[in-house]
Amino acid sequence: MVAQVTLVDELAQCADQLGRQPEGGAAVELYRQIDHQLPAHRPIVLCGRARARSVSKWSMQDLQMWILWWSAMGAVMALMTEETTATTRVKRGLADMLKGGVIMDVVTPEQARIAEDAGASAVMALERVPADIRAQGGVARMSDPGLIEGIQAAVSIPVMAKARIGHFVEAQVLQSLRVDFVDESEVLSPADYSHHIDKWEFDVPFVCGATNLGEALRRITEGAAMIRSKGEAGTGDVSEAVRHIRTIRDEINRLHGLGSEELYVAAKDLQAPYDLVREVARTGGLPVVLFVAGGVATPADAALVMQLGAEGVFVGSGIFKSGNPAKRAAAIVKATTLYNDPDAIAEVSHDLGDAMVGINVSDVPAPHRLAERGW
Amino acid sequence: MVNMVTPPSHRGGPGSPDRAAPLVGVLALQGGFAEHVRALTAVGARTRLVRRPAELDGIDGIVVPGGESSVLDKLSRALGLAEPLRGALQAGLPALVTCAGLLLVAEELVGAAPGQRSLGVLRVRARRNAFGRQLDSFETHLSVAGIGGDVEAVFIRAPVIESVGPAVECLAAVHGQVVAVQQGAITALSFHPELTHDLQVHRSFVGRL
């Protein structure tokens with residue numbers, strides 16, 4: 001008997017770790033094969049869409065137990081070969097396709113078109129860029145749906161939008177508007193000082209900010225399909241972005257060097273689930289894409305964070321608060337691709353006009369620092 | 001899953017000393033190029049990231065990855081890669097192009113961004129974002145002619161091929177829409193095999209080099 005088995009990603013990893021390679025060749029087309037080819041005495045565990053989605057919330061240990069139990073029952077585990085939307089792989093896949101690119105904040109359809117023309121991989125639709133939120137104060141909320149729709153109509157690249165931390169109804173509205181990514185963002189005023197959004201409940205993928213590895217892993221546990229370091233938005237000061245990406249990289253590298261018995265304490269110290277900590281230790285990277293945000297204002301800033309290990313860059317106020325947005329945006333795009341080529345960065349940095357004026361993060365009173373929102 | 005444990009292709013593994021593993025260039029302007037490098041390495045190929053025209057020299061094949069097609073177009077022209085790449089493909093350089101990569105090499109685009117161009121090497125008309133926005137992205141299993149009866153396929157804001165020229169063979173379809181074609185040495189896919197553990201596509205490509 002050749003059991004033909006396909007497993008969802010997480011199940012496949014568990015099977016790997018258990019040393020149990022499923023036998024056989026290609027995946028089952030269950031609709032035909034359940035009745036005809038699989039022996040009646042072996043139960044079949046179906047991982048269709050509902051299963052794949054609920055499984056993605058489980059810990060690796062849960063999954064291993066689940067596989068072991070069913071394997072002991074002689075089960076054939078199979079993923080139904082239907083078309084499935086909103087799987088972890090589909091959500092993280094869009095983030096993968098944004099890698100090496102620049103995601104730009106825009107507040108009008110015109111700005112969105114300028115960003116697209118300049119080579120943005122995606123745009124973030126919002127009502128006020130962080131520099132204005134900072135200057136004007138008040139409660140910052142999700143943008144008007146009409147504004148988001150206007151930007152969606154103006155460009156063909158992915159459109160992201162921000163929801164307040166913990167404001168799952170804003171996220172529901174953004175999903176209903178069919179945005180391509182939701183940013184649960186500290187740039188807006190938090191709606192909940194205890195809980196972030198349960199992002200597994202959504203079909204739309206989420207990106208979340210983090211200042212360190214523990215925070216990143218907690219967001220991934222909640223379902224984030226992409227992480228961006230927070231930096232200090234709306235300042236044009238890249239120092240916090242550098243600090244955050246360095247912290248995350250350093251903590252990952254440290255985990256990578258730990259012995260298996262040390263990972264339990266590491267998980268406790270990071271306040272993150274053990275299984276995720278172990279995965280990071282094994283792979284030497286996050287299981288999702290890691291971008292940098294907050295304070296990037298020049299091509300050299302973008303190349304700096306890329307050399308420090310970012311997989312792409314968010315640029316907020318840095319473009320449309322500068323003298324020549326179109327030219328600066330195109331230059332930042334090129335510097336993000338050629339981040340290891342100083343000659344190219346020099347070339348694109350010529351004559352960009354005035355950079356955004358900016359504020360030194362050290363001059364921002366601690367209560368007004370956005371990176372400290374979220375936990 | 002099963003494919004992860006199969007040995008590398010006949011030319012690439014440590015057990016094949018007679019011929020060097022093929023060197024595959026991976027266009028690394030933007031997008032999911034690291035995943036292709038991983039898959040190519042797993043099937044025994046050597047890889048080189050291609051960002052500059054000189055990096056096209058001496059490669060046995062090229063992968064044009066997914067990403068944002070309008071960005072790949074702009075960067076390939078801005079960095080002087082578009083013409084050398086077009087020349088190499090026209091001269092018969094074997095190529096595996098996926099998703100946005102398909103749009104970069106296609107002859108005609110529907111739904112292109114303003115000013116977006118393509119290399120015009122692959123004789124197809126391709127529709128950008130044909131399935132809709134990200135919420136319509138999906139994964140499935142496909143029968144792809146010449147590659148396998150059951151290929152894992154992830155579609156992310158994917159294009160489809162609306163019409164093909166005379167020398168283009170259709171390899172796979174979803175709901176009657178063509179999502180994989182072959183034209184000479186170019187294999188073009190709407191979807192992302194590199195986001196899965198399924199190495200059939202890469203093994204087939206490297207095996208032909």
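Just so it is clear: chains get the letters A, B, ... in the order the sequence lines come, proteins before strands, and each one is counted from 1.
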Do A:Ser156 and B:Arg128 have side-chain atoms, one donor and one acceptor, less than 3.5 Å apart?
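Present: a donor and an acceptor within the cut-off.
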Under a 3.5 Å cutoff, is there a donor and acceptor pairing between the side chains of A:Thr87 and B:Glu139?
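Present: a donor and an acceptor within the cut-off.
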Testing the basics here: between [X] and [Y], what is the closest heavy-atom pair and its distance to 0.1 Å?
X: A:Lys334; Y: B:Leu75; result: CG-CD2, 4.0 Å
X: B:Val154; Y: A:Arg89; result: CG2-NE, 3.7 Å
X: B:Phe138; Y: A:Thr85; result: CB-CG2, 3.8 Å
X: A:Ile157; Y: B:Arg133; result: O-NH2, 4.3 Å

Verify, without hydrogens or angle tests, whether B:Gln134 (side chain) and A:Val90 (backbone) share a donor-acceptor contact under 3.5 angstrom.
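At least one qualifying donor-acceptor pair exists.
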Heavy-atom donor-acceptor pair, A:Asp203 side chain to B:Leu135 backbone, under 3.5 Å:
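It does not hold such a pair.
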Below 4.0 angstrom, N of the basic side chain to O of the carboxylate: do [X] and [Y] qualify?
X: B:Glu68; Y: A:Lys99; result: no
X: B:Lys74; Y: A:Glu116; result: no
X: B:Asp136; Y: A:Arg178; result: yes

With chain B, which of A:Pro205, A:Gly100, A:Ser121 has the greatest number of heavy-atom pairs at distances under 4.5 Å?
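Greatest number of close heavy-atom pairs with chain B: A:Ser121.
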Among A:Gly312, A:Ala330, A:Gly119, A:Pro158, who wins on heavy-atom pairs under 4.5 Å with chain B?
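Ranked by heavy-atom pairs under 4.5 Å with chain B, first place is A:Pro158.
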